[in-house]
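Everything below concerns the one structure shown next.
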Amino acid sequence: MAILTAHERVRTVMDVLAATYRGRGSVELGEPYRVLVSTVISQRTREEQTTAVSKRVFAHYPDIATLAAAQESELLGLLIGSEYREAKAPRLISMAKILLEKHGGQVPDDIDALLALPGIGRKTANCVLIYAFNREAICVDTHLHKIANRLGWVSTKTPEQTEKALKIVMPRDLWAGSNRLFLQHGRAICLSSALPLCSRCPLQTWCTYAQEPTAPQR
DNA sequence: AAAACGGGGGC
DNA sequence: GCCCCAGTTTT
C-alpha cells in the first residue's frame, strides 16, 4: 500500500468536503468594494445576516465615495444584524475615506495595505485577496483554525500560525477554496461546542479528534 | 497571549 | 433568558 504524502492526504479529505458541500469549494469573484465591505460585515456574523445587511448597505452606499460620505448614525442603523456594528460603522467610514485619499479610490490588492486599514485583520484581508483579486491565499477563520487542528493537520494556537502551517500542508490549488468549504463544515457538523457531530461526519476516518475527542478549540 | 468589545437570532 | 457566532483591537 502506497504511503500518502501530506498533500495527498489533505487533498483526499478536501475532495470529500467538496463533494459533500457541492459548489462551496469554488471561488466566485466579486467587485473589490463589495467584497471588502461585505467581508467586514461578515465578521463574527452568520451568513444569512451578512447577506441581508450587505444588501441594505449597498443599496445606500453603492461605492467607496458614497460610503466615505455616509452619516455614521444612518450606517449604524443599516448594520443591525451584523455583530460589533458600533465599532464597524465608524471604521467603515474612515476606511472608505482612506481608500479615497491614499489609494486613489481603489481597494488595494496588497496584504500590508489591507491590514493597515481600520477594522481589517488577517482574516478579512485574505478574504479580499481571494474573492476580489483571485489570489492564492488562505483565509483562516475560527472554523478553519478549529478543524485543521481537530483533523490533526496542524497543531497551532493562533490563526496566523495556522495559516502558515496550512500553506505547507495544503496543496496550493486548494488554498483559496478552503475558506467556504470549512466554514460550511464547521457550522453544519464540526461545531465549535464541546459536541461536534462526529457520528455524522464524512471525515471521521481521517480525523484525530473523532478518534480521541479533546477539549474543543475555537 | 489574553481580554475587551458587544448585539441579534435561535432555542 | 441563555448561548452562540466568517474577528479586530487593545492591554
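Just so we're on the same page: letters track the sequence lines, and every chain starts at 1. Because the structure is predicted, anything quoted here is derived from the model rather than measured.
Considering only the side chain of A:Arg46, B:dG8 comes nearest among B:dG8, C:dA6, B:dA1. Nearest to the side chain of A:Lys123, among C:dG7, B:dG6, B:dA1, sits C:dG7. For A:Thr124, the side-chain atoms get nearest to C:dG7 when compared with the rest of C:dA6, C:dG7, B:dA1.
In this structure, A:Gln161 places its CD atom 14 Å from C1' of B:dA2, rounding to the nearest Å. Rounded to an integer number of Å, the gap from CG of A:Leu197 to P of C:dC4 is 14 Å. If you take CZ of A:Arg91 and C1' of C:dT8, they are 6 Å apart, rounded to a whole angstrom. Spacing between atom CZ of A:Arg122 and atom C1' of C:dA6 amounts to 16 Å, rounded to whole angstrom units. Note: CG (A:Leu144) to C1' (C:dG7) measures 14 Å, nearest angstrom. Whole-Å rounding puts the A:His185 NE2 to C:dC5 C1' distance at 18 Å. Atom CG of A:Leu129 is separated from atom P of C:dA6 by 21 Å (rounded to the nearest Å). The distance between atom CD of A:Glu83 and atom C1' of C:dC3, rounded to the nearest whole Å, is 12 Å.
The residue among A:Ser38 and A:Ile120 whose nearest nucleotide of DNA chain C lies closer to the 5′ end is A:Ser38. Each of A:Leu183 and A:Gly119 lies near DNA chain C, and the nucleotide nearest A:Leu183 is the one positioned closer to the 5' end.
The side chain of A:Arg44 places no N or O atom within less than 4.0 Å of a non-bridging phosphate oxygen (OP1 or OP2) of C:dC5. In terms of phosphate contacts, A:Ser192 brings a side-chain nitrogen or oxygen within less than 4.0 Å of OP1 or OP2 of C:dC5. The side chain of A:Thr142 places an N or O atom within less than 4.0 Å of a non-bridging phosphate oxygen (OP1 or OP2) of C:dG7. OP1 or OP2 of C:dT8 sits under 4.0 Å from a side-chain N or O of A:Gln43. Proximity of A:Arg85 to the phosphate of B:dG8: a side-chain N or O atom is located under 4.0 Å from OP1 or OP2.
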Checklist entry - Can you check salt bridge (Lys or Arg N to Asp or Glu O under 4.0 Å) on A:Glu48 and A:Arg187, steps first, answer last? => result CA-CA 13 Å; A:Glu48 302 74 28; A:Arg187 58 178 230 169; 3.3 Å; yes

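Stacking of A:Tyr84 onto the six-membered ring of B:dG7 is not present when judged by under 5.5 angstrom between centres and under 30° between planes.
We find that A:Lys88 and A:Glu83 are not joined by a salt bridge, their nearest charged nitrogen and carboxylate oxygen being 4.0 Å or further apart. With respect to A:Glu160 and A:Lys164, no salt bridge is recorded, no charged nitrogen being found less than 4.0 Å from a carboxylate O. Under 4.0 Å is where a charged nitrogen must lie from a carboxylate oxygen, and between A:Arg85 and A:Glu72 no such pair does.
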Checklist entry - Using Watson-Crick and G-U wobble pairs whose two distances are both under 3.5 Å, how do you write the pairing of DNA chain B as dot-bracket, with | for links to another strand? => result |||||.|||||

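Remark: A:Ala125 engages A:Ile111, A:Leu114, A:Leu115, A:Ile120 in a side-chain contact (heavy atoms from CB on, under 4.5 Å) (not counting sequence neighbours).
A:Thr162 and A:Thr156 share a donor-acceptor pair across their side chains, judged by distance under 3.5 Å alone. For the 3.5 Å distance criterion, the side chains of A:Gln43 and A:Thr124 qualify, holding a donor opposite an acceptor.
The C1' atoms of B:dC11 and C:dA6 are separated by 22 Å, rounded to the nearest whole Å. Nucleotides B:dG9 and C:dT8, compared at atom C1', are 22 Å apart to the nearest Å.
Counting non-hydrogen atoms under 4.0 angstrom, A:Gln49 reaches the backbone sugars and phosphates but no base. At a threshold of 4.0 angstrom between heavy atoms, the contacts of A:Pro118 are confined to the sugar-phosphate backbone, with no base atom among them.
In this structure, A:Arg180 is not positioned above the aromatic face of A:Tyr21 in the sense of NZ or CZ being under 6.0 Å from the six-membered ring centre and within 45° of the axis.
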